[in-house]
Participant: 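I am attaching a structure below and will ask some questions about it afterwards.
Just so it is clear, the model here is predicted, and its values are computed rather than measured.
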Amino acid sequence: MIYEIWSGTRLNQDTLLHDGVSDDRLVVDPVLTLEAGKAGSLTFMITPSHEHYGSLRKLESYVSVYRDGVRVFIGRMIDDSLDYRNFRTVLVEGLLAVFNDSVIRPYEYSGSVEGYLQLLLDQHNSQVEVDKQVLLGEVTVLDSNDYITRSDSSYPSTWSIMQSKLADGLGGFFRVRVNSGNELVLDYLADSPYVSGQEIVFGENLLDVKRERKASEICTAIIPLGVKDEETGTRLTVESVNGGSDIVYHEQAVVQYGTIVRTETWDNVTQPENLLLRARQYLANQVLTEVSITITAVDLSIIDSTVDKFQVFEYVKIVSDRHELDDQYLILKQVINLSNPSRDQMTVGSVFRTFADDKVSQDEAIREIKSEYTTNKQVSLIKESMQSYVSLIEQTADTIRLEVSEAYVTANALEQLSVELRSQLEQDSESFTFKFTDIQETLDLLDEDTRTRLAKIESYVRIEGSNIIIGRSDSDLSTVITNEKMSFLDGGVEVAYISG
């Protein structure tokens, strides 16, 4: 897999900054971040000895990243800094960021989602240069009635309007692409139509799994406000339909987290009954904590050009019994280290939300890893506002990581690398399987003295059916390991266990 970085104007990318091979065409630590529905970014350092060290200019230079000849990112340079060696650290933001360059004047709109986007683009295009003007492309996000009402008089940026008036309420993903005429085109997609031909499998190319839970946005009670009375200046509340109180509580969440009050306003709600319904719907979502999954996996297309490459905004199947993962997950984010692919990361699976550690709703069928420690005297349950479950894959995964990192070479050695690394992967994968038949064949060759020693060991460690039993055969205390849990027995009675 070969990455190249080119720069120039948006219409003319004619300067090669990095090819991963030539000493005079290398940048330092290039890292590309791609995120579904977001602008994305590219960072790298360029040394004073680089022939194009001084050619990059803020807000003027456009930079593209090509992977095996196909452009996967284009953006403009927005920032740089110098260290004591005069190395320039360059930051490039993706093309969606051009919508930060325009504002939306006061308006009122009723109609389709597509028509609303066209209104925003018309205002944006009237304010910016030709190379930042954007055409409307595919729109698959629809309101339930394909009829929305929007207004604003605060002169916000076009990008903030796109987020607050569309994505936050209707969901979906924005994407700017360059068409065959070198024009910018905006798509607004409800879901991805793409599925990766490569799978992520525990023991093969899955290296690390991390779950992160955030509770910073939780509230357990709100004061809902509706339309403003033009004469009195006061807003509609729910007191008349809520027992005389203007606060709506989520009782279960108050018990769980305590009272956390927020205010939420709906300008278009004119009836207290509807306002109360909106408040309850809003609270039902706000009491949930967000959980996202970040994985580290080897992209096997690095070593086999016939394997499909991972790409952001496409679905990939992840299979890991250990982590209870077996489904298609959307690649929401990729962090790609262009010169060190062993450090690549992906965030997958549309972020799902839970309440009190119990799954309430989710976009993808992702089950949590749960762990309990139980004794006959107490049960300890750990609950935190942010929890990270990190499962470090064992020696075979480490071998994969090291081999990929050390063997990432230029195209001239790619064929040899593919053969060598595939062989190593196949050899390492054998460590995941205990070949009991091979062990038995070896035992048959042992002499009588060794058999006697093994018989003594067997009095401490035994395999019965699918269970492993640890402990002297004449002792009351023993440990039993099954596929579901590890149990601690006293006199044959389970007194503690660890599951998950």
Side-chain angles (χ1 to χ4, degrees), residues 6-14 33-42 56-65 71-79 91-143 146-192 312-313:
W6 290 76
S7 69
T9 65
R10 185 178 67 78
L11 300 176
N12 187 21
Q13 301 277 291
D14 58 359
T33 301
L34 303 174
E35 191 166 1
K38 307 294 183 182
S41 65
L42 171 70
L56 296 170
R57 295 178 177 84
K58 287 189 288 290
L59 298 178
E60 295 181 33
S61 297
Y62 282 79
V63 181
S64 295
V65 177
R71 183 158 60 188
V72 295
F73 173 84
I74 180 172
R76 60 179 179 177
M77 176 182 169
I78 61 167
D79 200 5
L91 172 61
V92 181
E93 63 179 359
L95 288 180
L96 269 174
V98 300
F99 291 115
N100 287 315
D101 293 355
S102 60
V103 299
I104 301 299
R105 295 182 176 88
Y107 69 92
E108 292 184 358
Y109 175 83
S110 296
S112 67
V113 174
E114 185 173 356
Y116 181 61
L117 263 179
Q118 187 63 64
L119 179 150
L120 300 181
L121 289 181
D122 289 343
Q123 288 216 33
H124 167 79
N125 292 338
S126 69
Q127 301 171 40
V128 299
E129 296 80 10
V130 173
D131 66 343
K132 292 189 289 185
Q133 293 178 1
V134 184
L135 302 176
L136 183 60
E138 186 178 4
V139 179
T140 62
V141 176
L142 299 175
D143 180 69
D146 197 24
Y147 188 87
I148 60 175
T149 300
R150 299 288 189 271
S151 64
D152 199 290
S153 59
S154 61
Y155 291 86
S157 70
T158 304
W159 177 244
S160 66
I161 281 283
M162 292 165 62
Q163 288 294 305
S164 62
K165 302 291 188 179
L166 288 173
D168 290 349
L170 300 178
F173 302 87
F174 292 110
R175 177 182 67 179
V176 167
R177 54 186 168 86
V178 181
N179 66 13
S180 58
N182 218 8
E183 300 167 303
L184 301 184
V185 180
L186 173 68
D187 297 324
Y188 185 29
L189 305 177
D191 199 1
S192 171
V312 74
F313 197 53

Participant: What's the verdict on side-chain contact (heavy atoms from CB on, under 4.5 Å) for Val141 and Phe174, showing C-alpha distance, side-chain angles and the deciding distance?
Facilitator: CA-CA 10 Å; Val141 176; Phe174 292 110; over 6 Å; no

Participant: By salt bridge (Lys or Arg N to Asp or Glu O under 4.0 Å), which residues pair with Arg177, not counting sequence neighbours?
Facilitator: Asp187

Participant: To the nearest 0.5 Å, tell me how far Ser61 OG sits from Arg10 CZ.
Facilitator: 14.5 Å

Participant: Within this structure, what is the CG-CG distance for the pair Leu142 and Leu170, rounded to the nearest 0.5 Å?
Facilitator: 9.0 Å

Participant: Which residues satisfy the side chain to side chain donor-acceptor pair (under 3.5 Å) test with Glu183, sequence neighbours excluded?
Facilitator: Asn179

Participant: Rounded to the nearest 0.5 Å, how far does OG of Ser41 lie from CD of Glu35?
Facilitator: 9.0 Å

Participant: So Arg57 and Met77, side-chain contact (heavy atoms from CB on, under 4.5 Å) or not? Walk me through it.
Facilitator: CA-CA 7 Å; Arg57 295 178 177 84; Met77 176 182 169; 5.8 Å; no

Participant: Do other residues, nucleotides or ligands put more than 12 heavy atoms under 6.0 Å from the CZ atom of Arg71?
Facilitator: yes

Participant: State whether the side chain of Gln163 and the backbone N or O of Trp159 hold a donor-acceptor pair below 3.5 Å, judged by distance alone.
Facilitator: no

Participant: Mind checking what makes salt bridge (Lys or Arg N to Asp or Glu O under 4.0 Å) contact with Glu60, not counting sequence neighbours?
Facilitator: none

Participant: For Val139, give me all partners under side chain to side chain contact (heavy atoms under 4.5 Å, CB included), at least two apart in sequence or on another chain.
Facilitator: Val113, Glu114, Leu117, Leu136, Tyr188

Participant: For Asp122, check side chain to side chain contact (heavy atoms under 4.5 Å, CB included) against everything at least two apart and list the hits.
Facilitator: Gln118

Participant: How many angstroms lie between CG in Leu189 and OG1 in Thr140, if you round to the nearest 0.5 Å?
Facilitator: 4.5 Å

Participant: Could you please spell out the steps behind the side-chain contact (heavy atoms from CB on, under 4.5 Å) verdict for Ser110 and Tyr147?
Facilitator: CA-CA 7 Å; Ser110 296; Tyr147 188 87; 3.1 Å; yes

Participant: Do Val185 and Val176 have side chains that get closer than 4.5 Å, going by heavy atoms?
Facilitator: no

Participant: My understanding is that only residues two or more places apart in sequence, or in another chain, count here; which of them pass side chain to side chain donor-acceptor pair (under 3.5 Å) with Thr158?
Facilitator: Ser102

Participant: Mind checking whether Leu96 and Lys38 have side chains closer than 4.5 Å, heavy atoms only?
Facilitator: no

Participant: Suppose we screen for side chain to side chain contact (heavy atoms under 4.5 Å, CB included). Which residues come up paired with Ile78, at least two apart in sequence or across chains?
Facilitator: Leu59, Arg76, Leu91, Glu93

Participant: Counting N and O atoms only, with roles assigned by atom type, does the side chain of Tyr62 sit under 3.5 Å from a partner on the main chain of Thr9, one being a donor and the other an acceptor?
Facilitator: no

Participant: In chain order, what residues pass the side chain to side chain donor-acceptor pair (under 3.5 Å) check against Ser126, with sequence neighbours excluded?
Facilitator: none

Participant: Could I get the full list of side chain to side chain donor-acceptor pair (under 3.5 Å) partners for Trp6, not counting sequence neighbours?
Facilitator: Glu4

Participant: Checking Ser164 side chain against Ser160 main chain: does a donor-acceptor pair fall under 3.5 Å?
Facilitator: yes

Participant: I'd like to check the side chain to side chain contact (heavy atoms under 4.5 Å, CB included) partners of Ser151; sequence neighbours left out, ordered by chain and number.
Facilitator: Glu108

Participant: Say whether, by atom type as modelled, one donor and one acceptor occur between the side chain of Thr33 and the main chain of Gly40 under 3.5 angstrom.
Facilitator: no

Participant: Kindly write out the residues that satisfy salt bridge (Lys or Arg N to Asp or Glu O under 4.0 Å) with Lys132, not counting sequence neighbours, or none if the list is empty.
Facilitator: Asp101, Glu129

Participant: Once you round to the nearest 0.5 Å, how far does CZ of Phe99 lie from NE2 of His124?
Facilitator: 5.0 Å

Participant: Within a strict 4.5 Å, meaning less than it, do heavy atoms of the Ile104 and Tyr155 side chains meet?
Facilitator: no

Participant: Please evaluate residues Tyr116 and Ile148 with respect to the criterion side-chain contact (heavy atoms from CB on, under 4.5 Å), reporting the C-alpha separation (whole Å), side-chain torsions for both, the decisive distance (0.1 Å), and the verdict.
Facilitator: CA-CA 8 Å; Tyr116 181 61; Ile148 60 175; 3.9 Å; yes

Participant: Supply the atom-to-atom distance Leu184 CG to Leu95 CG, rounded to the nearest 0.5 angstrom.
Facilitator: 5.5 Å

Participant: Going by the rule salt bridge (Lys or Arg N to Asp or Glu O under 4.0 Å), which residues pair with Arg150 if we only count those two or more places apart in sequence or in a different chain?
Facilitator: none

Participant: Does Arg175 reach the side chain of Leu186, with side-chain heavy atoms less than 4.5 Å apart?
Facilitator: no

Participant: Val92 and Gly75: which non-hydrogen atoms are nearest, and at how many Å?
Facilitator: CG1-C, 3.4 Å

Participant: With heavy-atom distances below 4.5 Å as the criterion, would you say the side chains of Asp152 and Pro156 are in contact?
Facilitator: yes

